[in-house]
*Asks:* 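Before we start, here is the structure in question, set down as structure tokens.
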Amino acid sequence: MRFLPVFLDLKTGPVVLIGAGELLRAKLRVLTAAGARIRVHAIDGDRDLSLSSEDAARVEFASDDPLAADLSGVIAVVCAGAGDVGVAMSVRAKALGLPINVMDDLEHSSFIFPAIVDRGDVVVAVGTGGTSPVVARRVREKIEALLPARIGELAEFIGGFRKSINERIAEFPLRRRFWERVIDGPIGAAVLADRKSEAAAALKAIADPSAFARADKPEGSVALVGAGPGDPDLLTIKALRALQDADIVFHDELVSPEILDRIRRDTTRVAVGRRVGKPGIGQDAINKRMIEAAQSGQRVVRLKGGDPFVFGRGGEEMEALRAAGIAYSIIPGITAGIGGAADFEVPLTYRHEATRITFLTAHKARDAEVVDWSTLTDTKMTVVVYMGMTAAPAIRAGLFAAGRSPETPVGVFARVTRPDAQGAIGTLRDLPELVRRTNGGPAILIIGEVVRHAGSLRQTPSQIISDLLDAAE
């Protein structure tokens with residue numbers, strides 16, 4: 001490690017910035033974002049730096065020669081687009097013991113700028129010794145994706161309580177354990193969910209911080225997590241963090257193996273879902289097992305295909321957790337209707353053509369029989385049907401009876417966003433046959449004029465051969 005990462009206290013003095021053009025402006029943006037006071041030597045004479053009034057108040061333009069300027073009180077020197085002036089300034093700054101950065105010139109720099117992840121009170125610096133800023137930026141992007149957006153707010157929240165709590169806990173190891181329990185438990189989760197008043201009340205309610213830190217039994221919680229329609233790259237960052245933190249995951253049958261692979265390896269996995277016509281443990285039993293796991297102090301994830309609140313019975317689970325007094329959070333996922341529409345390029349709304357969307361489920365024929373199809377005949381409405389493969393004949397009959405045209409475009413999209421996804425497009429008249437052509441579910445049905453805009457459909461080799469044989473006959 002050639003360069004030691006350090007953090008300068010920018011309140012102790014100004015930074016001298018020397019240079020010209022866009023390179024100078026780029027470094028100026030970094031320094032103003034950090035709250036620095038800056039003395040600018042614009043060697044091209046251009047003082048139009050497009051600063052906000054707040055930033056401009058902390059910027060001073062200097063007209064003297066930077067090589068002869070008074071540097072007393074200066075904490076660092078930065079040269080960006082300064083040419084030969086930067087090299088000469090490096091000699092002067094090093095002689096005075098001042099840190100200097102000459103942009104893209106390691107030989108004349110005593111410090112370098114890292115790629116920065118800024119989350120308020122939490123700042124991460126990524127460096128490559130100046131050898132590859134692009135690699136540093138790529139690493140920064142990965143870290144930005146993994147860090148919770150409000151991690152800085154969590155640090156600020158803890159900072160507000162740290163002195164008072166530490167005064168009540170004498171032993172340093174016990175202090176550390178206290179804050180670990182706060183950060184990893186429901187209080188930390190509440191802050192990250194932007195419920196800081198709730199978190200503050202819970203922290204203030206801890207009567208004996210030492211006893212809280214010593215408690216052997218951790219506080220359990222449940223996260224209701226949407227796994228999306230199948231593609232693991234469609235998991236939200238928040239969902240991925242929950243899977244990595246979980247002690248136990250109760251997952252549906254429809255959650256893809258690729259998504260299950262994102263769970264931490266030592267996490268307990270329990271399959272609790274069921275497919276059509278197959279036995280399952282039942283919703284009450286699932287609720288009971290989640291509650292028992294949380295009450296034992298475990299971090300529980302209930303992983304559900306799509307979104308927990310779109311035909312996922314997440315509402316029932318939430319009510320059960322509330323009734324049991326279990327801390328919980330809800331992490332939405334991309335529902336299959338949205339994922340399938342994107343996968344097969346079907347715009348669910350389209351100007352002047354489709355102005356409304358209805359999502360419904362028709363698991364079995366009797367589900368379709370109780371739907372009031374008369375409300376779904378508007379030709380400017382897109383109808384998205386979940387779990388409608390078995391009930392396809394009843395869905396067609398219901399819409400026919402209500403007056404929907406047999407020529408209404410329909411798409412059946414199976415295993416959406418997965419490598420083996422398939423689609424079949426036709427008309428409402430052909431709906432049962434379209435279902436047959438997709439070779440099994442899970443599938444969604446999209447009914448409406450927007451289906452005409454669908455992109456090319458993916459087909460397996462066997463399906464292509466079958467279609468050619470059908471055409472030959």
Side-chain angles (χ1 to χ4, degrees), residues 3-15 26-38 51-52 54-55 57-59 75-76 78 99 101 111-127 136-169 172-206 209 212-213 219 221 236-238 240-242 244-245 327 329 331:
F3 292 91
L4 176 69
V6 296
F7 291 88
L8 287 174
D9 184 354
L10 296 175
K11 294 182 180 180
T12 61
V15 175
K27 281 293 186 279
L28 185 64
R29 286 192 290 270
V30 173
L31 292 168
T32 54
R37 289 185 291 124
I38 309 159
L51 296 170
S52 68
E54 181 181 353
D55 289 340
R58 290 184 279 107
V59 175
I75 61 171
V78 178
N101 172 263
F111 79 94
I112 58 176
F113 277 85
I116 298 171
V117 179
D118 185 359
R119 292 285 194 275
D121 282 0
V122 174
V123 177
V124 180
V126 181
R137 287 202 300 272
R138 289 291 181 264
V139 174
R140 179 195 65 195
E141 290 165 5
K142 297 292 185 183
I143 294 173
E144 283 183 323
L146 291 172
L147 280 180
R150 295 189 177 91
I151 191 70
E153 295 177 31
L154 179 57
E156 181 183 17
F157 173 85
I158 290 172
F161 287 92
R162 188 172 177 225
K163 182 178 179 181
S164 62
I165 292 295
N166 288 357
E167 288 173 349
R168 298 166 64 189
I169 304 177
F172 178 77
L174 209 55
R175 290 179 188 173
R176 182 175 59 191
R177 174 60 182 146
F178 176 89
W179 289 118
E180 285 174 349
R181 290 201 63 200
V182 167
I183 292 169
D184 295 337
I187 295 175
V191 176
L192 295 177
D194 201 24
R195 303 196 306 269
K196 287 189 281 291
S197 58
E198 175 187 323
L203 190 54
K204 291 174 183 176
I206 299 174
F212 177 84
E219 294 179 78
S221 61
T236 66
I237 297 300
K238 197 170 185 179
L240 183 59
R241 284 198 299 269
Q244 289 293 305
D245 290 341
S329 60
I331 302 176

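We're numbering straight along the sequence, starting at 1.
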*Asks:* Can you tell if the side chain of P148 reaches within under 4.5 Å of the side chain of K238, non-hydrogen atoms only?
*Replies:* no

*Asks:* State which residues pass side chain to side chain contact (heavy atoms under 4.5 Å, CB included) with P186; sequence neighbours excluded, sorted by chain then number.
*Replies:* E219, A327

*Asks:* Sequence neighbours left out, what passes side chain to side chain donor-acceptor pair (under 3.5 Å) with E198? Give chain and number order.
*Replies:* R195

*Asks:* For residues 27-38, dump all side-chain donor-acceptor pairs below 3.5 Å to protein atoms at least two apart in sequence or in another chain.
*Replies:*
unit_1 : atom_1 : unit_2 : atom_2 : d
R29    : NH1    : E22    : OE2    : 3.3
R29    : NH2    : E22    : OE2    : 2.8
T32    : OG1    : L28    : O      : 2.9
T32    : OG1    : R29    : O      : 3.1

*Asks:* When rounded to the nearest 0.5 angstrom, what is the spacing between CD1 in I165 and CD1 in I158?
*Replies:* 11.0 Å

*Asks:* Assess whether side-chain contact (heavy atoms from CB on, under 4.5 Å) is satisfied between V117 and R119, documenting all intermediate values.
*Replies:* CA-CA 7 Å; V117 179; R119 292 285 194 275; 4.0 Å; yes

*Asks:* Looking at every heavy atom in both V126 and I143, which two are closest together, and how far apart are they?
*Replies:* CG2-CD1, 3.8 Å

*Asks:* Residues in salt bridge (Lys or Arg N to Asp or Glu O under 4.0 Å) with E180, at least two apart?
*Replies:* none

*Asks:* Just to verify, what does R58 make a salt bridge (Lys or Arg N to Asp or Glu O under 4.0 Å) with, not counting sequence neighbours?
*Replies:* D55

*Asks:* Under the side chain to side chain donor-acceptor pair (under 3.5 Å) rule, collect the residues that match up with R138, sequence neighbours excluded.
*Replies:* E141

*Asks:* Of all residues at least two apart in sequence or in a different chain, which pass the side chain to side chain contact (heavy atoms under 4.5 Å, CB included) check with A201?
*Replies:* none

*Asks:* Got a sec, which residues hit side chain to side chain donor-acceptor pair (under 3.5 Å) with N166, two or more places apart in sequence or on another chain?
*Replies:* W179

*Asks:* Please list all pairs meeting side-chain hydrogen bond (donor to acceptor under 3.5 Å, both in side chains) that have one or both residues in residues 142-162, counting only residues at least two apart or in different chains.
*Replies:* E153-K196

*Asks:* Please confirm whether the backbone N or O of F111 pairs with a side-chain atom of N101, one donor and one acceptor, at under 3.5 Å?
*Replies:* yes

*Asks:* Return the CD1 to CZ distance between I169 and R176, rounded to the nearest 0.5 Å.
*Replies:* 12.5 Å

*Asks:* Which pair of non-hydrogen atoms, one from P114 and one from G127, has the smallest distance, and what is that distance?
*Replies:* CB-N, 4.5 Å

*Asks:* Does the side-chain contact (heavy atoms from CB on, under 4.5 Å) test come out yes or no for F161 and V182, once each step is laid out?
*Replies:* CA-CA 11 Å; F161 287 92; V182 167; over 6 Å; no

*Asks:* Got a sec, which residues hit side chain to side chain contact (heavy atoms under 4.5 Å, CB included) with I206, two or more places apart in sequence or on another chain?
*Replies:* F178, I187, L203, F212

*Asks:* Kindly write out the residues that satisfy salt bridge (Lys or Arg N to Asp or Glu O under 4.0 Å) with R168, not counting sequence neighbours, or none if the list is empty.
*Replies:* none

*Asks:* Taking all atoms of both residues into account, what is the closest heavy-atom pair of L154 and V191, and its distance?
*Replies:* CA-CG1, 3.7 Å

*Asks:* Residues in side chain to side chain contact (heavy atoms under 4.5 Å, CB included) with T12, at least two apart?
*Replies:* D9, I75

*Asks:* Working to the nearest 0.5 Å, report the span between CD1 of I237 and CD1 of I331.
*Replies:* 11.5 Å

